[in-house]
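Note: hydrogens, waters and symmetry copies are ignored here, and every other heavy atom, side chains too, is used.
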Amino acid sequence: MNRQRELLLYRQRESLGAEQDLDLALELLAGTRTGRTQPMLRIYRPEPTVAFGQRDARLPGFDAARQACRDLGFEPLIRRAGGRAAAYHPGSLVIDHIEPDPDPIRESQARFQAFGELFAEALTRAGVDARLGPIPHEYCYGDHSVHGVHPTEQDIRVKLIGTAQRQIATGWLFSSSIVVEDGAAIRRVLSEAYSAMELPWDPLTGGAATDLNSGITADQVEHAVLEVYAEHWDLQPIRQLPALG
């Protein structure tokens, strides 16, 4: 990651709605085609959402999985980046990093490693023993997911961050969801969704940072994320996004 390049910081104060929040990230990425989107970091608290992968949508149990999510108050959506279903809610943070890039594929794998390390460091500063790497039988399995380790029972590991990215010819979007609070709701909805799709996973790998440190808050995690980011980029807060139309 480059040090001290300028990065716009947009802290979105309210969710626009589950689908609209996902769409806005893609609109910002598309803005790299016209130059309207500069290097940017967007942070927001999402509505209860289960973001399914495109492979999930082809499974026989997908319709039942979507209904199970709705029954539990989560909006089921299909995202264009990433693998299997992941869940987040207002006790989570979604962080979208968008940058113009004439060769966005070149460092795509390195990005997973670099951002994983960045977010693991942020969670550690916030009070969680966070590590980079997958947990066996975790939801939305990924080599660069970030998990937390229980302070006294080292065999208890909880996936806390899922990452995904999307590239177009003119730029890239790296999106991360950090589950900070209310892990029970995440376990419940993913249990129902994965069961309906007949996908194996271990519910004990799902949860939130508060399952490992009950005193942590989403505000503290957001502060830690921005603190680590500021060591690599010159953050420039903005109050509103540029016009993309």
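- A continuous path of Ile, Leu, Val, Met, Phe, Trp and Tyr side chains, each step under 4.5 Å between heavy atoms, connects Ile161 with Ile216, placing both in one hydrophobic cluster.
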Exercise for the section: For side-chain contact (heavy atoms from CB on, under 4.5 Å), just list the numbers for Thr37 and Glu99, CA-CA rounded to whole Å, side-chain angles, deciding distance to a tenth of an Å, and then say yes or no. Expected result: CA-CA 8 Å; Thr37 297; Glu99 294 217 21; over 6 Å; no
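- Nearest heavy atom pair, residue Ser15 against residue Glu47, reads OG-CG, 3.2 Å.
- In terms of heavy atoms, Val50 sits closest to Cys69 at CG2-SG, 3.6 Å.
- Looking at His89 and Asp182, their side chains come closer than 4.5 Å, going by heavy atoms from C-beta outward.
- Side-chain contact annotation: Glu138 with Ser145, donor-acceptor N/O pair under 3.5 Å present.
- To the nearest 0.5 Å, the span separating CG on Asp103 from OG on Ser108 amounts to 9.5 Å.
- Between the side chain of His147 and the main chain of Gly133, a donor-acceptor pair closer than 3.5 Å is present.
- With respect to Arg125, the side-chain hydrogen bond (donor to acceptor under 3.5 Å, both in side chains) criterion is satisfied by exactly one of Glu227, His223, Gln220: Glu227.
- For CD of Glu6, the number of neighbouring non-hydrogen atoms (other residues, nucleotides, ligands) closer than 6.0 Å is greater than 12.
- Proximity of Trp201 to Ser191: side-chain heavy atoms (C-beta onward) are separated by under 4.5 Å at one or more points.
- Gln20 CD: more than 12 foreign heavy atoms inside a 6.0 Å radius.
- Contact annotation: the side chain of Val158 approaches that of Leu212 to within less than 4.5 Å [non-hydrogen atoms, C-beta and beyond].
- For the atom pair NZ (Lys159) and CG (Leu190), the distance works out to 9.5 Å, reported to the nearest 0.5 Å.
- By the 6.0 Å and 45° rule, Arg111 stacks over the aromatic ring of Trp172.
- Minimum interatomic distance between Met197 and Ala85 (heavy atoms only, all atoms of both residues): CE-CB, 4.3 Å.
- Remark: aromatic rings of His144 and Phe115 are distant, center separation not under 6.0 Å.
- Considering all non-hydrogen atoms of both residues, Gln54 and Ile78 come closest at CG-CG2, 3.9 Å.
- Residues Arg5 and Asp234 are not paired through a salt bridge, judged by the lack of any N-O separation under 4.0 Å between the basic side chain and the carboxylate.
- Ion pairing between a basic and an acidic side chain is recognised when a charged N comes within 4.0 Å of a carboxylate O; Asp219 and Arg45 show such pairing.
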Problem - Worked check of side-chain contact (heavy atoms from CB on, under 4.5 Å) between Leu41 and Ile98 - result: CA-CA 7 Å; Leu41 188 67; Ile98 304 104; over 6 Å; no
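- With hydrophobic clusters built from ILVMFWY side chains whose heavy atoms lie under 4.5 angstrom apart, Leu24 shares a cluster with Leu29.
- For Phe62 and Phe52, the ring centers are positioned less than 6.0 Å apart.
- Comment: Arg188 does not engage Glu192 in a salt bridge, judged by the lack of any side-chain N to carboxylate O separation of less than 4.0 angstrom.
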Handout entry: Residues Arg11, Leu226; criterion side-chain contact (heavy atoms from CB on, under 4.5 Å); working and verdict
Key = CA-CA 11 Å; Arg11 301 171 80 176; Leu226 293 179; 3.8 Å; yes
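- A single hydrophobic cluster is not seen to contain both Leu16 and Tyr88; linkage of ILVMFWY side chains at heavy-atom distances under 4.5 Å, directly or through other members, places them apart.
- Atom CH2 of Trp233 and atom CG of Leu9 lie 12.5 Å apart (nearest 0.5 Å).
- Minimum heavy-atom separation, Ala86 to Arg79: N-NH1, 4.0 Å.
- Side chains of Glu117 and Gln113: a donor-acceptor N/O pair is present below 3.5 angstrom, by distance only.
- Residues Val179 and Leu160 have side chains not in contact (no heavy-atom distance under 4.5 Å, counting atoms from C-beta outward).
- Note that CG of Leu59 is 9.0 Å distant from CD of Glu198, once rounded to the nearest 0.5 Å.
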Practice task
Check the pair His97 / Ser175 against side-chain contact (heavy atoms from CB on, under 4.5 Å), numbers first and verdict last.
Solution key: CA-CA 6 Å; His97 188 140; Ser175 186; over 6 Å; no
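- Under the 4.5 Å side-chain criterion, counting only non-hydrogen atoms from C-beta, His150 is not in contact with Asp211.
- Distance check: Gln167 CD to Leu173 CG gives 9.0 Å after rounding to the nearest 0.5 Å.
- Ionic pairing of Arg131 and Asp129 is present here: one or more N-O contacts between side-chain nitrogen and carboxylate oxygen are shorter than 4.0 angstrom.
- Inspection of the Gln67 and Asp63 side chains reveals no N or O donor paired with an N or O acceptor under 3.5 Å.
- One hydrophobic cluster holds both Val94 and Leu77 under the rule that ILVMFWY side chains link at heavy-atom gaps under 4.5 Å.
- Counting heavy atoms from C-beta on, the side chains of Thr32 and Ile168 come closer than 4.5 Å.
- To the nearest 0.5 angstrom, Leu8 atom CG is 9.5 Å from Leu241 atom CG.
- Side-chain contact between Ile43 and Leu93 is present, with at least one heavy-atom pair separated by less than 4.5 Å.
- In this structure, the side chains of Asp21 and Glu75 stay at 4.5 Å or more apart for every pair of heavy atoms.
- Between Arg187 and Asp202 there is no salt bridge, since no side-chain nitrogen of the basic residue lies less than 4.0 Å from a carboxylate oxygen of the acidic one.
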Handout entry: Evaluation steps, ring-ring contact (aromatic ring centres under 6.0 Å, His included), between Phe112 and Phe174
Key = CA-CA 9 Å; Phe112 278 116; Phe174 197 96; 5.5 Å; yes
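- When all heavy atoms are compared, the tightest approach of Phe74 to Thr49 is CD2-N, 3.4 Å.
- Transitive grouping of hydrophobic side chains (ILVMFWY, heavy atoms separated by less than 4.5 Å) keeps Tyr141 and Tyr139 in distinct clusters.
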Problem - Verdict with supporting geometry, Glu14 and Gln12, side chain to side chain donor-acceptor pair (under 3.5 Å) - result: CA-CA 6 Å; Glu14 294 183 358; Gln12 182 178 313; over 6 Å; no
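- Side chain of Thr210 to main chain of Ala208: no donor-acceptor pair is present (N/O by atom type, distance under 3.5 Å, no hydrogens or angles).
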Exercise for the section: Kindly determine whether Arg33 and Glu27 satisfy salt bridge (charged side-chain N to carboxylate O under 4.0 Å, His left out), including the steps that lead there. Expected result: CA-CA 10 Å; Arg33 292 192 177 103; Glu27 290 175 24; over 6 Å; no
